[in-house]
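Okay, structure first, notes after.
Just so you know, these numbers use all the heavy atoms, side chains as well, and skip hydrogens, waters and symmetry mates.
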Amino acid sequence: MKNKTAAIVVSFHPETDRLDRLFDALALQVSKIVVVDNGSSPAVVSWLFKQSLEDRIRLLSLGDNFGIGFAQNRGIELARDEGHQKFLLLDQDSLPASGMVAILEKALDQLTQSGARVGAVALQGMTRTILLLPSS
């Protein structure tokens, strides 16, 4: 495993061509893409299943829309069970820039090594300003 970061992508009736671009953008940045589908059409779920035949993508189809928080939590649980330690939360419309995950991982590692209790790190717009969201 090249890194321990898994992308959690929540989908709900997505445009498959956009998801395909998202998967390509993530492929070299994370070790696994977990797609949690929130009740899309059978045609979309079938397309997602075909994508999940590739080793890099894992599909969890919920069969109904349980909301983004529920879907993200299920995706994190699945990824954690498979050994991942860091999670990138995305929706179907996201398109991460090249190198974005490495920037976030570096910021998280630096903050953690300095003793900070980090709940999340995020990029602010295109400025690449790192926001620290402390854990409670």
Side-chain angles (χ1 to χ4, degrees):
M1 187 179 304
K2 66 183 166 199
N3 66 46
K4 298 267 186 197
T5 300
I8 312 299
V9 178
V10 176
S11 64
F12 179 69
H13 299 289
E15 296 174 21
T16 56
D17 60 327
R18 289 187 81 152
L19 273 182
D20 210 27
R21 287 193 301 272
L22 171 58
F23 296 161
D24 287 344
L26 289 169
L28 298 176
Q29 298 192 61
V30 298
S31 56
K32 182 67 76 175
I33 301 168
V34 176
V35 180
V36 184
D37 186 73
N38 245 343
S40 295
S41 70
V44 169
V45 173
S46 176
W47 182 87
L48 288 168
F49 176 77
K50 288 176 186 169
Q51 304 310 304
S52 73
L53 296 176
E54 296 180 32
D55 190 45
R56 67 182 177 144
I57 299 174
R58 183 80 188 273
L59 172 63
L60 176 58
S61 179
L62 299 178
D64 203 351
N65 189 348
F66 291 95
I68 192 165
F70 181 89
Q72 288 172 334
N73 286 331
R74 296 299 79 75
I76 290 169
E77 287 172 3
L78 191 151
R80 183 174 284 142
D81 289 347
E82 293 185 356
H84 294 86
Q85 300 170 343
K86 300 173 186 172
F87 313 98
L88 177 68
L89 302 177
L90 304 158
D91 67 16
Q92 65 199 28
D93 298 321
S94 301
L95 191 58
S98 176
M100 183 191 85
V101 176
I103 292 168
L104 291 170
E105 288 175 329
K106 181 179 178 184
L108 176 61
D109 292 342
Q110 288 173 342
L111 290 164
T112 302
Q113 289 170 6
S114 74
R117 292 180 44 178
V118 181
V121 291
L123 291 177
Q124 183 176 13
M126 296 305 291
T127 63
R128 296 193 178 205
T129 301
I130 302 294
L131 301 176
L132 167 63
L133 306 173
S135 64
S136 15

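Side-chain atoms of Ser114 come within 3.5 Å of backbone atoms of Leu111 as a donor-acceptor pair (strictly under, hydrogens ignored). A donor-acceptor pair under 3.5 Å is formed between the side chain of Asn38 and the backbone N or O of Gly67. Checking side-chain atoms of Ser31 against main-chain N and O of Thr5 turns up a donor-acceptor pair under 3.5 Å. Using modelled atom types, no side-chain atom of Asp20 and backbone atom of Thr16 make a donor-acceptor pair closer than 3.5 Å. Using modelled atom types, one side-chain atom of Gln29 and one backbone atom of Val101 make a donor-acceptor pair closer than 3.5 Å.
Taking the side chain as every heavy atom from C-beta outward, Pro14 and Val44 approach each other to under 4.5 Å. Looking at Val45 and Pro42, their side chains never come closer than 4.5 Å, going by heavy atoms from C-beta outward. The shortest side-chain heavy-atom distance between His84 and Lys32 falls under the 4.5 Å cut-off. Proximity of Val36 to Ser11: side-chain heavy atoms (C-beta onward) are nowhere separated by under 4.5 Å. Contact of the Val34 side chain with the Leu59 side chain is not registered, since no non-hydrogen atoms from C-beta on lie closer than 4.5 Å.
Note: Phe87 CZ to Gln72 CD = 12.0 Å, rounded to the nearest 0.5 Å. For the atom pair CG of Leu22 and CG of Asp17, the computed distance is 11.5 Å after rounding to the nearest 0.5 Å. Here CD of Gln85 is found 11.0 Å from CD of Glu105. Values are rounded to the nearest 0.5 Å. Distance check, rounded to the nearest 0.5 Å: CG of Leu48 to CD1 of Ile57 gives 8.5 Å.
Electrostatic pairing of Glu77 and Arg74 counts as a salt bridge here, judged by a charged N lying under 4.0 Å from a carboxylate O. The pair Asp109-Lys86 meets the salt-bridge criterion, with a side-chain N (NZ, NE, NH1 or NH2) lying under 4.0 Å from an Asp/Glu carboxylate O.
For residues 8-49, no residue pair satisfies the ring pair (Phe, Tyr, Trp, His ring centres under 6.0 Å) rule, not counting sequence neighbours. Residue pairs satisfying the ring pair (Phe, Tyr, Trp, His ring centres under 6.0 Å) criterion with at least one member in residues 58-77, sequence neighbours excluded, are listed as follows: Phe66-Phe70.
Within a 6.0 Å radius of CG in Asp24, other residues, nucleotides and ligands contribute more than 12 heavy atoms.
Using a 4.5 Å cut-off between side-chain heavy atoms of Ile, Leu, Val, Met, Phe, Trp and Tyr, with links allowed through other members, Val30 and Ile8 fall into different hydrophobic clusters. Hydrophobic cluster membership is shared by Leu104 and Leu90, with clusters built from Ile, Leu, Val, Met, Phe, Trp and Tyr side chains linked at under 4.5 angstrom. Leu19 and Leu89 fall into different hydrophobic clusters, where Ile, Leu, Val, Met, Phe, Trp and Tyr residues are linked whenever their side-chain heavy atoms come under 4.5 Å apart, directly or through other members. Leu78 and Leu53 fall into different hydrophobic clusters, where Ile, Leu, Val, Met, Phe, Trp and Tyr are joined by side-chain heavy atoms under 4.5 Å apart, directly or via other members.
Remark: of the listed residues Leu60, Ile68, Val35, Ile68 is the sole one forming a side-chain contact (heavy atoms from CB on, under 4.5 Å) with Val10.
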**Study point:** Verdict with supporting geometry, Val9 and Leu26, side-chain contact (heavy atoms from CB on, under 4.5 Å)
**Key:** CA-CA 10 Å; Val9 178; Leu26 289 169; 4.1 Å; yes
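Partners of Ser52 under the side chain to side chain donor-acceptor pair (under 3.5 Å) rule, at least two apart in sequence or in another chain, do not exist in this structure.
Donor-acceptor pairing under 3.5 Å is recorded for the side chains of Ser94 and Asp91.
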